[in-house]
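Take a look at the structure set out below.
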Amino acid sequence: MLKIKLPEIKNIKLPKLNLFSKSKVSLGIEVDYDYCRVCSLSLGEEGLILPFMPFEFDILEDKDQSGLILKDELSKRSINVKTANFSIPISSTLYKNIKLPKASEKELKEAIEWNIKEDIENLKASTIFDYAILSEEEDFLNIVVVITKLDAINRILAIAESAGIEPDIIDSVGTSLVNIALLQKDKIKSHKEEKNICIVHIDRNDSFILFSKDDIFLQPLDFDIKRYETLSMDDKEQEVVRLINEINYFFLTINEPKIIYTSGYFIKFPEIKAYMQLKFSSRFILEDLDPIVALDIKYSGNFPLQLYSTSIFLAYRGIEK
Amino acid sequence: MIKINLNPKREKKKLPSFKKPTIGFPDISLKNEKTIFITVPAVVLGGTLLYYLYLSSKVSSLSEEKEKLSAEISKYNNVKVKIDRLKKEIAENEKISEKLDMKIKTYEYLASSQSLAKELLRYSLEPIPDGVWLDNITISSEKGNIVGYAFDPQYISKYYTDLAKHYEINFTNSESKVSPTNLRYYTFNFEIKNFKLEKKEGKM
């Protein structure tokens, strides 16, 4: 009789299931009035990577046409996504800081609605809001409420619908930038002690200062980067001096931070940061707000990504979710 | 992280609860301490015993299955030997069949070449008119040579015309000769090739 040696149970190796090893991919789209910035992040075994280089393109006033342009730009790069995270322009958002006693979710929502009632009435339009707890102080909560007009949200929804994308998260540019700064602060040893977050952001349509401790303050800056580009060297210097004065004026009422994060078009015009650092001397340390450092993205290219901080963070929220 | 979502279709926000935390473990007091010290080891022991029994029954059922599988394997081994033998036989028979096929094809070829030879001779000899005699005829499927003589050149011409219906002819040579008995006769030599079998033989 033929003897067959059967394998022992302990030697049987079960096949490994690779169902969950597929990398997670998320798309972030920063939508402004006349441009869009798109970025994607992928989380694999090696960490966060950029599956393709972030890109910017112009959009139109017409929402449907803008959606079709977005769809075309994505299909040109063979990007097939069903959902994405979007952001609304900074000028469409209002930040309101409230201190409330700890309460249940329902009570908290009612208290917030009562507190922002006046702001909503001033906007004279249908609005939508969301809030986040920034910190706790014994029995109190420091809450930031982000309010926007429903029209601004509907514009994003219409663009997304026309592009065939389901919007998941709609964030504000301000909170995205503050989040990047918070993450970057924790990554760098010398920054960890800094309690205040201050970001100076220069962009195509809006330039502003963001300040956050247990709250978020937004101060628009009168600095037009399109105009700056056309100025002579002397006028450019005067323009930066004016910007410095605006920042000085802002810190008359607020505790000064040690670090100011520079964001947006600072990367395209390094002379602005260099001149500001010269003028501020040791009063402030100017640091680039860098999403690569903040999110620990595996990226070694030369293409500067500081312009894409918001869209990168939107993509990160999809990964982090 | 500040998590803002202004999407109207967003998921419901999950806020941290600020209520007093409660622990769901039973209250351990002196009253039920005794019960716990008795019931916990008893439950553990009982559970272990049940698990041991389950494992023993599993082991016995697996060993039974192992024996069954061994018996089946030996049975299927015999079948495998038979299948191998049959496969060999089939291969040998296929070889024989191939040889037979080759033989049949050879015979068919021979038969076809025989019928061709008949046709060649028929279409070479049948058109010979009276007054023409052949001296020598060499013929193959590709070409041939006909040597003969006649008393009158018109007989040679008639033979040429009839033969040309089935062959390409190269009329190489014709001579007029006189026999010792003073009879005049003519020799001819036809080189023939490209035999064609006509469906209609015309006047023939």
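- Side chains of A/Y316 and B/M1 form a contact here, defined as non-hydrogen atoms less than 4.5 Å apart.
- For A/L134, the part sitting under 4.5 Å from any heavy atom of chain B is the side chain, from C-beta outward, and nothing else.
- Looking at B/P8 and A/L157, their side chains come closer than 4.5 Å, going by heavy atoms from C-beta outward.
- Between A/D171 and B/N5 there is no side-chain heavy-atom pair separated by less than 4.5 Å.
- Contacts between A/F86 and chain B at a heavy-atom distance below 4.5 Å are absent for every atom of the residue.
- Looking at A/V178, only its side chain comes within 4.5 Å of chain B, counting heavy atoms on both sides.
- Side-chain contact between A/I169 and B/N7 is absent, with no heavy-atom pair separated by less than 4.5 Å.
- We find the CG-CD1 distance between B/L6 and A/I128 to be 6.5 Å, quoted to the nearest 0.5 Å.
- B/D152 pairs by the side chain to side chain contact (heavy atoms under 4.5 Å, CB included) definition with B/Q154, B/Y155, not counting sequence neighbours.
- Counting non-hydrogen atoms of neighbouring residues, nucleotides and ligands closer than 6.0 angstrom, the CZ atom of B/F171 exceeds 12 such neighbours.
- Formation of a donor-acceptor pair under 3.5 Å by the A/N179 side chain with backbone atoms of B/I2 is found in this model.
- For a residue to count as touching a neighbouring chain, one of its non-hydrogen atoms must lie under 4.5 Å from one of that chain's; by this rule A/I147 does not touch chain B.
- Annotation: the span from A/T93 atom OG1 to B/I4 atom CD1 amounts to 10.5 Å, rounded to 0.5 Å.
- In this structure, B/K80 places its NZ atom where only 12 or fewer heavy-atom neighbours from other residues, nucleotides or ligands lie under 6.0 Å away.
- Separating the NZ atom in B/K3 from the CD1 atom in A/I133 is a distance of 12.5 Å, to the nearest 0.5 Å.
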